[in-house]
Structures are given as structure tokens and as C-alpha cells.
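Since the structure comes first, as C-alpha cells, the remarks are kept for the end.
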Amino acid sequence: MAKLHRLISVVLRLVAAVTAAAAAIIMVTSRETTSLFGLEIEAKFSHIPSFIFFVVAYAVACVYSLLVILVPPGGAASRLVVMTDVVMGMVLTGAVAATGAIAEVGRNGNEHAGWLPICEQVHGYCNQVMGALIAGFVALVVYFLIIMHSLHAVTDTMCPCH
């Protein structure tokens with residue numbers, strides 16, 4: 001049973017690392033230049049702080065997921081990993097939420113604040129940000145599965161009632 005738990009954990013963490021890396025890479029490469037009324041406008045991820053937060057959070061999640069594979073199961077460190085997994089899940093949730101909110105304003109604007117949508121001018125950029133958000137959401141779901149699996153594995157070793 002322990003080998004099965006370990007295999008599932010490794011597979012989930014590899015999937016989380018790949019999807020987190022994909023989300024960060026897609027966001028980092030989001031860039032488009034367009035001309036509007038004779039002015040050249042450039043849209044890229046580094047112009048928006050929540051997009052930078054998204055990239056950093058998902059890059060850290062990728063590295064963390066790969067490093068945690070090296071932690072031996074069943075020890076005190078594995079309990080620390082469970083707590084760190086929860087923190088990582090919260091950070092990724094915040095990154096997706098912040099980026100999603102800004103992407104929504106970019107796509108639809110906010111007429112109450114007088115903000116115009118920009119996605120009509122930079123379609124490719126907005127589509128790439130949406131792709132990063134989708135990959136980020138998939139990574140977040142995988143992290144949720146990691147947390148559930150880790151909690152099960154840790155409590156399973158604490159309770160020999162099965």
C-alpha cells in the first residue's frame with residue numbers, strides 16, 4: 001500500500017510541476033504590440049503586478065513540486081510537506097484569483113470606473129493570458145488532489161485501524 005501511495009504522490013507532483021511550468025511559461029511569453037490611433041501599444045505580462053505574481057507563484061510551485069518528490073515518505077518531513085502543500089495551494093489560489101480578476105477587466109472593462117476593455121486591440125495577448133489561466137487552474141486542481149492524497153497518506157499511517 002505504501003508503494004501505491006508513493007507512486008500516486010510522485011505522479012501527481014510531476015503533473016503539478018508540468019502544469020505549473022506550462023502556466024508560468026505561457027504567461028511569460030504573452031506579449032503583443034498593436035497600433036491604436038497612430039500610437040504603438042505594447043501589452044506584456046510584466047506590465048501588470050498580478051501577472052508577475054502569477055508567474056512567480058507558478059514557477060515556485062513547479063520547483064517545489066519537483067523538490068518534494070525527494071522527501072522520503074512517512075517521516076516528520078512528510079508532515080511538514082502536507083502543511084507546505086496547503087500553503088502552496090493557497091498561494092496558487094490567490095495567483096489565479098488576482099490574474100483572473102485583471103483578465104476580466106482586460107476583456108470586458110469596467111464601465112463604472114471608466115476602464116475600457118483592451119482585448120479588442122490585443123486579441124493574441126488576451127488569448128495567451130486565458131491559456132495561462134486555464135493551465136494555472138488545472139495545476140491548482142492537481143494541487144488540491146495532492147493535498148487530499150497527502151492528508152490521506154499521513155492519516156493512514158497514523159491510524160492503523162484499516
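It should be emphasised that the depicted structure is a prediction, and the values quoted were computed from it without experimental measurement. Because only heavy atoms are used, hydrogens play no part in the values below, and waters and symmetry mates are left out as well, while side chains stay in.
For the 3.5 Å distance criterion, the side chains of Thr93 and Tyr143 fail to qualify, holding no donor opposite an acceptor. A donor-acceptor contact closer than 3.5 angstrom links the side chains of Gln128 and Thr29.
Identified under the salt bridge (charged side-chain N to carboxylate O under 4.0 Å, His left out) test for residues 115-133, with sequence neighbours left out: none. Within the structure, salt bridge (charged side-chain N to carboxylate O under 4.0 Å, His left out) pairs that include any residue of residues 11-32 comprise Arg13-Asp85, Arg31-Glu42 (at least two apart or interchain).
Atom NE2 of His123 and atom OG1 of Thr34 lie 8.5 Å apart (nearest 0.5 Å). With rounding to the nearest 0.5 Å, the separation of NE2 in His5 from OG in Ser150 is 10.5 Å. Separating the CZ atom in Phe54 from the CD1 atom in Ile26 is a distance of 8.5 Å, to the nearest 0.5 Å. To the nearest 0.5 Å, atom CG of residue Leu14 and atom CG of residue Leu66 are 6.5 Å apart. Once rounded to the nearest 0.5 Å, the distance linking CG of Leu92 with OH of Tyr58 reads 4.5 Å.
Of the possible donor and acceptor atoms, none in the side chain of Ser9 sits under 3.5 Å from a partner among the backbone N and O of Arg6. One N or O on the side chain of Thr19 and one on the backbone of Ala16 form a donor-acceptor pair closer than 3.5 Å. A donor-acceptor pair under 3.5 Å is formed between the side chain of Ser65 and the backbone N or O of Ala61.
Taking every heavy atom of both residues into account, Ile52 and Ser46 meet most closely at CD1-O, 3.5 Å. Across every non-hydrogen atom of Ala59 and Ala24, the tightest pair is N-CB, 4.2 Å. Across all non-hydrogen atoms, the minimal contact from Val129 to Ala103 is CG1-CB, 4.1 Å. Scanning all heavy atoms of the two residues, the minimum distance from Ile147 to Val86 falls at CD1-CA, 3.8 Å. Closest heavy-atom contact between Ser50 and Ile102: OG-CG1, 3.2 Å. The two residues Pro117 and Asn108 come nearest to each other via the heavy atoms CB-C, 3.8 Å.
Hydrophobic clustering, with ILVMFWY side chains joined whenever heavy atoms are under 4.5 angstrom apart, keeps Leu70 apart from Val11. A chain of hydrophobic side-chain contacts below 4.5 Å, direct or via other Ile, Leu, Val, Met, Phe, Trp or Tyr residues, connects Ile118 to Ile48. There is a path of hydrophobic side-chain contacts, each under 4.5 Å, that joins Val56 to Met27. Both Val60 and Leu133 are part of a single hydrophobic cluster, where members link through side-chain heavy atoms under 4.5 Å apart.
No option in Val10, Val15, Ile8 other than Ile8 meets the side chain to side chain contact (heavy atoms under 4.5 Å, CB included) test with Leu12.
Atom CZ of Phe144 has 12 or fewer heavy atoms from other residues, nucleotides or ligands within 6.0 Å.
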- request: Please test Met90 against Val87 for side chain to side chain contact (heavy atoms under 4.5 Å, CB included), starting from the C-alpha separation and ending with a verdict.
  value: CA-CA 5 Å; Met90 290 187 300; Val87 170; 4.2 Å; yes
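Under the rule for a salt bridge (charged side-chain N to carboxylate O under 4.0 Å, His left out), Arg107 has no partner lying at least two apart in sequence or in another chain.
Residues Met88 and Ile146 have side chains not in contact (no heavy-atom distance under 4.5 Å, counting atoms from C-beta outward).
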